[in-house]
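Remarks on the structure that follows.
Sequential numbering from 1 along the given sequence is applied to the chain's residues.
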Amino acid sequence: MMDNPEEDSLNLHEDEEIIEVIDLDDTEQTAEDLAEELEDVDFSEAGNADDDGWETEDEMESEQDDSELTFSKHTGSVFCVSLDPVSNSLAVTGGEDDRAFVWSVSDGDVLFECTGHKDSVTCAAFSCDSKLVVSADMSGLIKVWKVENKEEIWSFEVGDLEWLEWHPCAPVLLAGTADGNVWMWKIPSGECKTFQGPSCQATSGKILPDGKRAIVGYEDGSLRLWDLKQGNAVYVIKGHDGHQGALTSIACNKEGTLALTGSVDGQAKLFNTSTGKVLCSLSNENSEAKDSMQEQDSNSVESVGFCNVLPLVAVAYLDGTLAIYDMNSQSLRHRCKHEVGVVHLQWEEASAVVYTCNLAGVVTLWDARSGVMMSEYCGHSAEILDFVLNRDASVAVTAGGDHQAKVFCLQRPDR
């Protein structure tokens, strides 16, 4: 299906300034008269953006801010954000400045800082009961803090960290590292188990809702379903059935019976978690206007997710496409276009609305039933690197490359 080129054209706003043009032929002023008048002009005032109507790049970028609150304690890009699952009142953010903060979503006040990191904090999240928070940096230093007394209760150091996730119903951590290992710890005792994968990076992981199994994707395009209690790989998906590049994202449906994986190879694969059978491969390839092979290869899948209320899945691509697929027919339902790459997507818990954040610093709401954009929220002056919705999707908290985290109150006419 060909995209409508008119959608990509520049929109001219009706409120643009109109510059009055003076026709010198209709005036009796000579060039000498003009030169004399210019001698009296104070050019020191002319460069003021507020006076002459021109804006600097920074002023244009920051002109619209739809956020309710801006958290500005970080001094580098903010890489990750998470909300406490019990009350949704606390956020934790981690950043390029080697710092992580636990702070209040309502007023931005810092509850405490997760200190002692020596590299960019790329993972930060609350445990399922909101009593613990983990902060972890790229070098592999992992720290767990007790929220109630703001004290560090456990730390451990692994190799270069790729991802980290709390167990959905127990104080247990799972982490994947660049050497291909997956680690599991009980907190705070530190009891440990490792799951040895191929000799390449364990690039993504997801604990299934039953809490007994985890899907781990690797740099070589393979994935393994691990039995967390027994410590063995139940099955391996690789070769023709697997991906042809590193896995970037993994999601599962709420029952845990189906999983969806995304990869730098531009493919998303839907499979049965019990059997390991791949049900279909989903691609963003446009049959009417195929891109070059190089462009296809570079169109990585950045994020995937299941709709809870309809048999739909969403796949976000680096080229700016959000694709909505129907699982029953295994066909493309809608192609929603962004002007820039999509970083992350998240579905509302109880509706067919999907949210995206992108490299232009915008949060966008899409109706997956129609493929229509519902609204946009701006305010960041750089890319949004992560975001999270609260339980009823009334609030989004974002993490940006502009050193800021923002809280957006999401207004919906149907609510």
Side-chain angles (χ1 to χ4, degrees), residues 58-74 77-95 100-111 124-126 130 133 147 303 305 307-309 314 316 322 336 338-340 342-415:
D58 289 341
E59 286 170 332
M60 286 190 288
E61 288 175 341
S62 61
E63 188 176 71
Q64 180 180 348
D65 190 353
D66 302 319
S67 66
E68 295 294 317
L69 184 149
T70 299
F71 182 79
S72 304
K73 296 292 185 183
H74 287 283
S77 294
V78 187
F79 290 136
C80 55
V81 60
S82 176
L83 284 175
D84 86 274
V86 173
S87 70
N88 285 180
S89 63
L90 294 176
V92 60
T93 49
F101 295 95
V102 177
W103 50 278
S104 167
V105 172
S106 62
D107 56 19
D109 286 350
V110 174
L111 188 65
F126 290 90
S130 295
V133 67
V147 175
S303 189
C307 177
N308 285 340
V309 298
L322 172 70
C336 310
H338 302 73
E339 294 297 322
V340 296
V342 183
V343 178
H344 183 56
L345 71 83
Q346 186 175 345
W347 288 90
E348 281 195 3
E349 287 288 330
S351 81
V353 175
V354 62
Y355 296 67
T356 60
C357 68
N358 65 42
L359 294 175
V362 179
V363 175
T364 310
L365 284 66
W366 301 89
D367 185 339
R369 295 165 298 183
S370 63
V372 172
M373 186 186 78
M374 300 172 67
S375 54
E376 288 185 319
Y377 292 87
C378 304
H380 283 281
S381 60
E383 67 275 14
I384 297 176
L385 299 169
D386 193 15
F387 83 100
V388 63
L389 298 176
N390 69 343
R391 193 176 297 104
D392 64 0
S394 61
V395 168
V397 186
T398 56
D402 54 4
H403 309 177
Q404 296 179 337
K406 286 180 175 287
V407 178
F408 294 89
C409 290
L410 308 172
Q411 305 297 325
R412 285 262 305 280
D414 56 336
R415 272 205 276 256

Out of curiosity, [X] [atom1] to [Y] [atom2], how far, rounded to the nearest 0.5 Å?
{"X": "F387", "Y": "F408", "atom1": "CZ", "atom2": "CZ", "answer": "11.0 Å"}
{"X": "E383", "Y": "D402", "atom1": "CD", "atom2": "CG", "answer": "8.0 Å"}
{"X": "M374", "Y": "T364", "atom1": "CE", "atom2": "OG1", "answer": "12.0 Å"}
{"X": "S303", "Y": "L322", "atom1": "OG", "atom2": "CG", "answer": "9.0 Å"}
{"X": "S67", "Y": "Q404", "atom1": "OG", "atom2": "CD", "answer": "8.0 Å"}
{"X": "E349", "Y": "N390", "atom1": "CD", "atom2": "CG", "answer": "10.5 Å"}

Student check: side-chain heavy atoms of [X] and [Y] closer than 4.5 Å:
{"X": "V362", "Y": "I384", "result": "no"}
{"X": "S89", "Y": "D84", "result": "yes"}
{"X": "V407", "Y": "V395", "result": "yes"}
{"X": "V397", "Y": "W103", "result": "yes"}
{"X": "L410", "Y": "Y355", "result": "yes"}
{"X": "S130", "Y": "L90", "result": "no"}
{"X": "F79", "Y": "H74", "result": "no"}
{"X": "S82", "Y": "V388", "result": "no"}

Whether [X] side chain and [Y] backbone form a donor-acceptor pair below 3.5 Å:
{"X": "N88", "Y": "R391", "result": "yes"}
{"X": "D386", "Y": "V81", "result": "yes"}
{"X": "W347", "Y": "N308", "result": "no"}

- [ ] Give a yes-or-no answer on whether the side chains of S72 and T70 include a donor-acceptor pair shorter than 3.5 Å.
- [x] no
Might you point out which heavy atoms bring [X] and [Y] nearest each other, and give the distance in Å?
{"X": "L389", "Y": "A393", "value": "CD1-CB, 4.5 Å"}
{"X": "L83", "Y": "F126", "value": "C-CD1, 3.5 Å"}
{"X": "T93", "Y": "A405", "value": "CG2-CB, 4.0 Å"}
{"X": "D66", "Y": "E376", "value": "OD2-O, 4.0 Å"}
{"X": "V92", "Y": "V102", "value": "CG2-CG2, 4.0 Å"}
{"X": "V354", "Y": "A314", "value": "CG2-CB, 4.2 Å"}

